[in-house]
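Reading through the structure tokens given below for one structure.
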Amino acid sequence: MTENENAESRDFVRQIIDEDQKTGKWDGRVHTRFPPEPNGYLHIGHAKSICLNFGIAEEFDGRTNLRFDDTNPEKEDTEYVESIKEDIRWLGFDWQDRLFFASDYFGQLYEWAEQLIRNDKAYVCSLPLDEIRAGRGTPSSAGTNSPHRDRTVDENLDLFRRMKAGEFPEGAHVLRAKIDMAHPHMLLRDPIMYRIRHVEHHRTGSEWCIYPTYDYTHGQSDALEGITHSICTLEFENHRPLYDWYCETLGIHHPQQIEFNRLNLTYTVMSKRRLLELVNEGHVGGWDDPRMPTLRGLRRRGYTPAAIRNLCTHVGVTKHNAVADMVLLENSIREDLNRTAPRRMAVLNPIKVVLTNYPEDQEDLLDAVNNPEDEGAGTRSVPFSRELWIERDDFMEDPPKKFFRLAPGREVRLRYAYFIRCEEVIKDEDGNITELHCTVDPDTRGGNAPDGRKVKATLHWVSARHAVPAEVRLYDHLFAVEDPDEVEEESKDWKSNLNPDSLHVVETAWLEPSLSDSQSGERYQFERLGYFCVDADSSNDQLVFNRTVTLRDSWARARRK
RNA sequence: AACCCGGUAGUGUAAUUGGUAGCACAACAGAUUUUGGUUCUGUUAGUUCAGGUUCAAGUCCUGGCCGGGUUACCA
């Protein structure tokens, strides 16, 4: 049964590999790679690719290489290399000793370029950039041959070697593959293989002043590493003929490139360029801002690796562009944290409750269950006294029909404590409610009435005398609309859709005292409110919590209607 | 009017490769509940269109429509 279910849910990539295994195409070998460019931080879209590549290798008893695609020194940096490694490990994957860099292959790539020149498959073109562009033609009309297309092998070799030797300024020459300027595929109209860049590379320093392009590098890197299945996103579909051309023309190992749909989520953006823009323009606090879809942002927000991996398997792998609903991610973390997060009580928007029949100097310690989903999590003691904080939203002076919580004359249960009844509403001169005077029924200790009477609501609370203050940061979607690209006026751009309320800071929330020494990274459920984690900014003097996600709230949903 | 790719409930996906259109999330209704949480049950809702082949088409063929990508010395 399980076997059957698995067979039925196999995505098209796995089906291709199943078939390859059946026919023995790669002698039973499965070798994938994850090839990030070290020019930014990883986001949840990369997580999908990581899960796919590493996941497939695990399933087929194969291997996955981590290879940095570092062929553009102007944008790349070791800072990114380290962060990417850290994020992949955090996600739960291991490349063991197979850490590679495309820049490791610059020597071999250069040799191959000379080979292509000798075989009349490449030439040095000395046209300026704009003329190369113009010569390429348009999608519907053929390009024209470069005047340098018929240079002799010796001339090409000489020029290419002098390019490498640094004799020319940037832009003076490029090396182009000699394919077909009339090809219906724009990409095959004599694509550029090498350009001159007099810049330091983060790994090779000043060793090179000519750098290979992505297309001239990627397939050959795969070939050198013995990759079998080169899995990439849909936008490289157009590049596959070129990938194939280089491998075939060079006569080297030829992996199969397979393209899948990248992950998109509602209410956010997923391109490195845009994320960089948000950081640079100060719309967020940084790459690790808890509102960012980066792995660092999600981590700081309180997301677990398991929740992210779970989302990646649930969104599926296909060949058509899709936008997954953000609630999928939210449900994924709720599911994980519901099982694992200890429960605590915290009041974010407090109103004072005074128990008029409870002695001033009396205190009580009540047992509270740490996690109803996990008996092993045990219990803790929560102090109780005459004055308490409860949530302002949990009281209404003039409640509508379906409001079950506290109201004048009404009785509710305080979680793990007592039944209380609201006797009097205290207001200031302006009519604002400042306190609720209630009576407590001492016979209901623990939360049950001996006479069997029921209440319709259970509220969380914190003893005012024992409460610990904390800053709590409440996050909402980064963008106010599902699709940030959908703008009302033409003059506006995607950033006009940023959600102005994506961060709401509660300066003073009241926590139960057991939270007083909580440490950065710890995750809790604040009962009835949501899941929260201790922020990196938190200290024993000033506790700071991030709201990872709210609980599902069917009352809020009902009230909206 | 170029080339490549795609189109299955609101969303994301599956359909043993031509044989009963299923799953998850969302929505809605109900049960349970010391979290209006969790859990459980049920309901609504789908093959882009037109032809063709076939006993039988989401699946194969032809054409249309719609969407995405491609005119970087980025990846």
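All values derive from a computational prediction rather than experimental measurement. Atom set for the values below is all heavy atoms of this structure, side chains included, hydrogens, waters and symmetry mates excluded. Letters A, B, ... mirror the listed sequences (proteins, then strands); counts begin at 1.
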With [X], which residues qualify under ring-ring contact (aromatic ring centres under 6.0 Å, His included), at least two apart?
X	value
A:Tyr41	A:Tyr80, A:Trp287
A:Tyr416	none
A:Phe403	A:Trp555

Can you sort out the partners of [X] under side chain to side chain contact (heavy atoms under 4.5 Å, CB included), two or more places apart, ordered by chain and number?
X	result
A:Ile179	A:Ala177, A:Leu188, A:Asp190, A:Pro191, A:Leu242, A:Trp245
A:Asn371	A:Arg343, A:Glu373, A:Asp374, A:Ala377
A:Leu127	A:Cys125, A:Glu131, A:Ile132, A:Ser146, A:Pro147, A:His148
A:Glu59	A:Arg10, A:Arg14

Take atom [atom1] in [N] and the same atom in [M], then report the distance between them in whole Å.
N	M	atom1	result
B:G30	B:U44	C1'	15 Å
B:G68	B:C73	C1'	27 Å
B:A45	B:U11	C1'	12 Å
B:U54	B:U59	C1'	13 Å
B:C23	B:A9	P	15 Å
B:U39	B:A26	P	10 Å
B:U20	B:U47	C1'	15 Å
B:G10	B:C74	C1'	37 Å

Bracket string, RNA chain B, 5' to 3' - pairs by Watson-Crick or G-U geometry under 3.5 Å, | interstrand: .((((((..((((.....[..)))).(((((.......)))))....(((((..]....))))))))))).....

Under 4.0 Å between any heavy atoms, over every strand shown, what does [X] touch: base, sugar-phosphate, or nothing? Just pick one.
X	value
A:Arg334	nothing
A:Pro372	base
A:Thr71	sugar-phosphate
A:Arg343	base
A:Phe260	nothing
A:Glu37	sugar-phosphate
A:Lys402	base
A:Gln525	base
A:Gly143	nothing

Syn or anti for B:U47, please, going by whether the chi angle lies within 90° of 0.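 This nucleotide is in anti.
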
Within less than 4.0 Å of OP1 or OP2 of [N], is there a side-chain N or O belonging to [X]?
X	N	answer
A:Arg10	B:U17	no
A:Thr213	B:C74	no
A:Arg557	B:C28	yes
A:Arg136	B:C73	yes
A:Arg273	B:A75	no
A:Gln15	B:A15	yes

If we check side-chain hydrogen bond (donor to acceptor under 3.5 Å, both in side chains) with A:Ser230, which of these qualifies: A:Gln256, A:Glu225, A:Arg33? A:Arg33

When you check every protein heavy atom under 4.0 Å of nucleotides 4-12 of chain B, what one-letter string (B, S, -) results, 5' to 3'? -SSS---SS

Going by salt bridge (Lys or Arg N to Asp or Glu O under 4.0 Å), name the pairs with one or both residues in residues 171-182 of chain A, residues two or more places apart or in two chains.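 Checked against salt bridge (Lys or Arg N to Asp or Glu O under 4.0 Å) - neighbours excluded - the pairs reaching residues 171-182 of chain A are A:Asp120-A:Lys178.
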
Would you mind reading off the distance between [X] atom [atom1] and [N] atom [atom2], rounded to a whole angstrom?
X	N	atom1	atom2	value
A:Asn448	B:U33	CG	C1'	12 Å
A:Asp553	B:G36	CG	C1'	7 Å
A:Met186	B:C3	CE	C1'	10 Å
A:His239	B:A72	NE2	P	11 Å
A:Phe236	B:A72	CZ	P	16 Å
A:Ile192	B:U71	CD1	P	13 Å
A:Asp215	B:U70	CG	P	13 Å
A:Leu187	B:A75	CG	P	12 Å

Stepwise salt bridge (Lys or Arg N to Asp or Glu O under 4.0 Å) test for A:Arg405 and A:Asp393: CA-CA 9 Å; A:Arg405 283 110 97 145; A:Asp393 290 349; 5.8 Å; no

Measuring from atom CD of A:Glu277 to atom NZ of A:Lys272, what distance do you get when rounded to the nearest 0.5 angstrom? 15.5 Å

In sequence, state the C-alpha distance, the side-chain angles, and the governing distance for A:Gln257 and A:Glu259, and then conclude on side-chain hydrogen bond (donor to acceptor under 3.5 Å, both in side chains). CA-CA 7 Å; A:Gln257 176 177 310; A:Glu259 311 86 12; 3.1 Å; yes

Listed nucleotide nearest any side-chain atom of [X], set [options]:
X	options	answer
A:Tyr214	B:A72, B:A75, B:A26	B:A75
A:Pro184	B:A2, B:A75, B:A26	B:A2
A:Thr138	B:U35, B:C25, B:U71	B:U71

Between A:Pro36 and A:Phe34, the two heavy atoms sitting closest are CD-O, 3.1 Å

Just to verify, what does A:Asp364 make a salt bridge (charged side-chain N to carboxylate O under 4.0 Å, His left out) with, not counting sequence neighbours?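 Salt bridge (charged side-chain N to carboxylate O under 4.0 Å, His left out) list for A:Asp364, sorted by chain: A:Arg445.
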
Extract from the structure each pairing of a protein N or O with an N or O of nucleotides 42-44 of chain B at less than 3.5 Å, listing the distance.
none

Any Lys/Arg nitrogen of A:Asp441 or A:Arg421 sitting under 4.0 Å from an Asp/Glu carboxylate oxygen of the other? no

